[in-house]
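Working notes, beginning with the structure itself.
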Amino acid sequence: MNFFALIAVFITLYVVLIWIYFKYSKKLNKNFLQRRIKIEKLNEKRQTNYISKSEQVDILRYMHLLATSLNEDGKNTENCVLLDYPLNYPRIFNTDPLRLTKLIDAMTQFFLVNNRKSAIVVKFLLANYQQKYVKFSISVWSNKNFLGQDAGANIVASLNKKSRTFLNKAQEIAASNGSKIEFDSKKGLKISTSVRLEISDIKNNLVDQLTVKNPSEFSILIADENPLSFNILRNYLLYMGFDVKPTSSWSSAKRHIEDMIFKPSLIFISDKLSDEVNLAQVQDYLLEKGVCVVIIQKNRNENIGSDRVYIQRLIQPYLPEMLIRVLNNCDNYRKSKKQTTAD
């Protein structure tokens, strides 16, 4: 091979190498760019999730919206969902509200699809309180045990497909929180889990909104024969300092109203007692004593009423601030009644 032929070979190889370089470098750059885009999208998603989780939210307001929706779901089976969140607990946290909502929704739906004519309580219990974090034990329970006494043994096998779906969803979310779903069938049926939440710096003392100056002198009767809803309301009122009489039946409350010595300030009446309660029979006593009547309703159908008696309505489920608003309205009514009498 002469000198010129050798140069021609080298030039040809050089051109081929340049062509290969530009072809594959372009492909590598394209792949690299695509990977960068994917990484940026992933980082953006992670950042969005982080912002969501650090959002300052009032979790009880989210629970109220959820319970209201669940009550709509429970209409066909005549179930009622109640919230039990003590008034002295913090409510505002840096957390992802949707994750907590999905967890409690799945836990509660597990009861709704298996119960009829039952009160189902979503209860928050403070398990641990630190400077920046709290640990809640969250339970959903009913006084009716549809699983039987051996609720702890081979539960999943005894469930229908819909029940298993809700239970599996609750278990998955609980596991992602480092917790699990536990069963307790000692009194009715209860399933529970735990969550850890970061406390917000925002504080909110709802009791400051109460206008009743001397709650201990404000005597209250509660006519609600459901022990679950009765105790939730009673605990709220006792925490605010009201004088709550230990009675839950309408017959007992009626005797107190008709008593010439005892002068109640307010009476709560469950709308489930509509067939039993006749305000016309006691309206003269209510008017003379200036008693305010609060009807506790699952929906807005006004099935207990009177044209002459002062009536407020409290729709279940309710937030503590809704209860406080009703109490303030009743206090204003009693003040105006006293002013009218004095004039």
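Remember, predicted model here, so these are calculated numbers, not experimental data.
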With side-chain contact (heavy atoms from CB on, under 4.5 Å) as the test, would you mind laying out the steps for Val121 and Phe111 before giving the verdict? CA-CA 10 Å; Val121 180; Phe111 281 84; over 6 Å; no
[X] vs [Y] side-chain heavy atoms within contact, under 4.5 Å:
X: Ile324; Y: Met240; result: yes
X: Leu210; Y: Leu327; result: yes
X: Lys263; Y: Ser219; result: no
X: Leu273; Y: Asp224; result: no
X: Phe242; Y: Tyr236; result: no
X: Leu70; Y: Leu112; result: yes
X: Leu233; Y: Asn235; result: no
X: Lys180; Y: Gln171; result: no

Shared hydrophobic cluster, [X] / [Y] (ILVMFWY, side-chain heavy atoms < 4.5 Å):
X: Leu66; Y: Val81; result: yes
X: Ile220; Y: Val212; result: yes
X: Val277; Y: Leu287; result: no
X: Tyr310; Y: Leu286; result: no
X: Ile92; Y: Tyr89; result: no

With a 3.5 Å cut-off and no angle check, do the side chains of [X] and [Y] form a donor-acceptor pair?
X: Ser192; Y: Ser139; result: no
X: Thr68; Y: Asn71; result: no
X: Ser248; Y: Glu225; result: no
X: Ser194; Y: Ser179; result: yes
X: Asn329; Y: Gln312; result: yes
X: Tyr129; Y: Gln131; result: no
X: Asn79; Y: Ser118; result: no

If I compare all heavy atoms of [X] with all of [Y], which pair ends up nearest, and what's the gap?
X: Gly290; Y: Tyr333; answer: O-CE2, 3.7 Å
X: Thr247; Y: Ser252; answer: OG1-OG, 2.8 Å
X: Ser229; Y: Gln316; answer: CB-NE2, 3.7 Å
X: Lys298; Y: Asp271; answer: N-OD2, 3.3 Å
X: Leu60; Y: Tyr85; answer: CD1-CB, 3.6 Å
X: Val113; Y: Ser163; answer: CG2-OG, 3.6 Å

Arg334 charged N/C atom sitting above Phe218 aromatic ring, 6.0 Å / 45°: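 Satisfied, under 6.0 Å and within 45°.
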Would you call [X] and [Y] a salt bridge, using N to O less than 4.0 angstrom?
X: Asp284; Y: Arg308; value: yes
X: Lys245; Y: Asp243; value: yes
X: Glu72; Y: Lys75; value: yes

Looking at [X], I want to see if its [atom1] is surrounded by more than 12 non-hydrogen atoms of other residues, nucleotides or ligands under 6.0 Å.
X: Asp201; atom1: CG; result: no
X: Asn205; atom1: CG; result: yes
X: Lys135; atom1: NZ; result: no
X: Lys289; atom1: NZ; result: yes
X: Gln130; atom1: CD; result: yes

Using modelled atom types and a 3.5 Å cut-off, is there a donor and acceptor pairing between side-chain atoms of [X] and backbone atoms of [Y]?
X: Asp259; Y: Arg255; answer: no
X: Tyr239; Y: Pro86; answer: no
X: Asn214; Y: Ser216; answer: no
X: Thr101; Y: Pro97; answer: yes
X: Ser142; Y: Lys144; answer: yes

Taking atom [atom1] of [X] and atom [atom2] of [Y], what is their separation to the nearest 0.5 Å?
X: Phe93; Y: Ile199; atom1: CZ; atom2: CD1; answer: 6.0 Å
X: Asn332; Y: Thr211; atom1: CG; atom2: OG1; answer: 5.5 Å
X: Ile104; Y: Leu83; atom1: CD1; atom2: CG; answer: 8.5 Å
X: Leu323; Y: Leu206; atom1: CG; atom2: CG; answer: 10.5 Å
X: Ile222; Y: Phe230; atom1: CD1; atom2: CZ; answer: 4.5 Å
X: Ile173; Y: Asn168; atom1: CD1; atom2: CG; answer: 11.5 Å

Set out, in order, the CA-CA distance, both residues' side-chain angles and the distance that settles side-chain contact (heavy atoms from CB on, under 4.5 Å) for Ile269 and Val294, then state yes or no. CA-CA 6 Å; Ile269 304 174; Val294 180; over 6 Å; no
Which one of Leu125, Thr193, Asn128, Leu126 satisfies the side chain to side chain contact (heavy atoms under 4.5 Å, CB included) criterion with Phe136? Leu126
Verdict with supporting geometry, Phe268 and Leu314, side-chain contact (heavy atoms from CB on, under 4.5 Å): CA-CA 9 Å; Phe268 288 90; Leu314 187 63; 4.3 Å; yes
Glu321 vs Arg91, test: salt bridge (Lys or Arg N to Asp or Glu O under 4.0 Å). Steps then yes/no. CA-CA 12 Å; Glu321 48 265 45; Arg91 283 174 43 171; 2.8 Å; yes
Report the C-alpha distance between His64 and Met322 in whole Å, list the side-chain angles of each, state the deciding distance to 0.1 Å, and finish with yes or no for side-chain contact (heavy atoms from CB on, under 4.5 Å). CA-CA 11 Å; His64 175 255; Met322 297 174 181; 3.4 Å; yes
Look at the rings of Phe110 and Phe183 and say which category their plane angle falls in: under 30° parallel, 30 to 60° tilted, over 60° perpendicular.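 Ring orientation of Phe110 relative to Phe183: perpendicular.
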Run the salt bridge (Lys or Arg N to Asp or Glu O under 4.0 Å) test on Asp331 and Lys335 for me, step by step, so that the C-alpha distance in whole Å, both residues' side-chain angles and the decisive distance to 0.1 Å come before the verdict. CA-CA 6 Å; Asp331 183 48; Lys335 287 176 181 176; 3.1 Å; yes
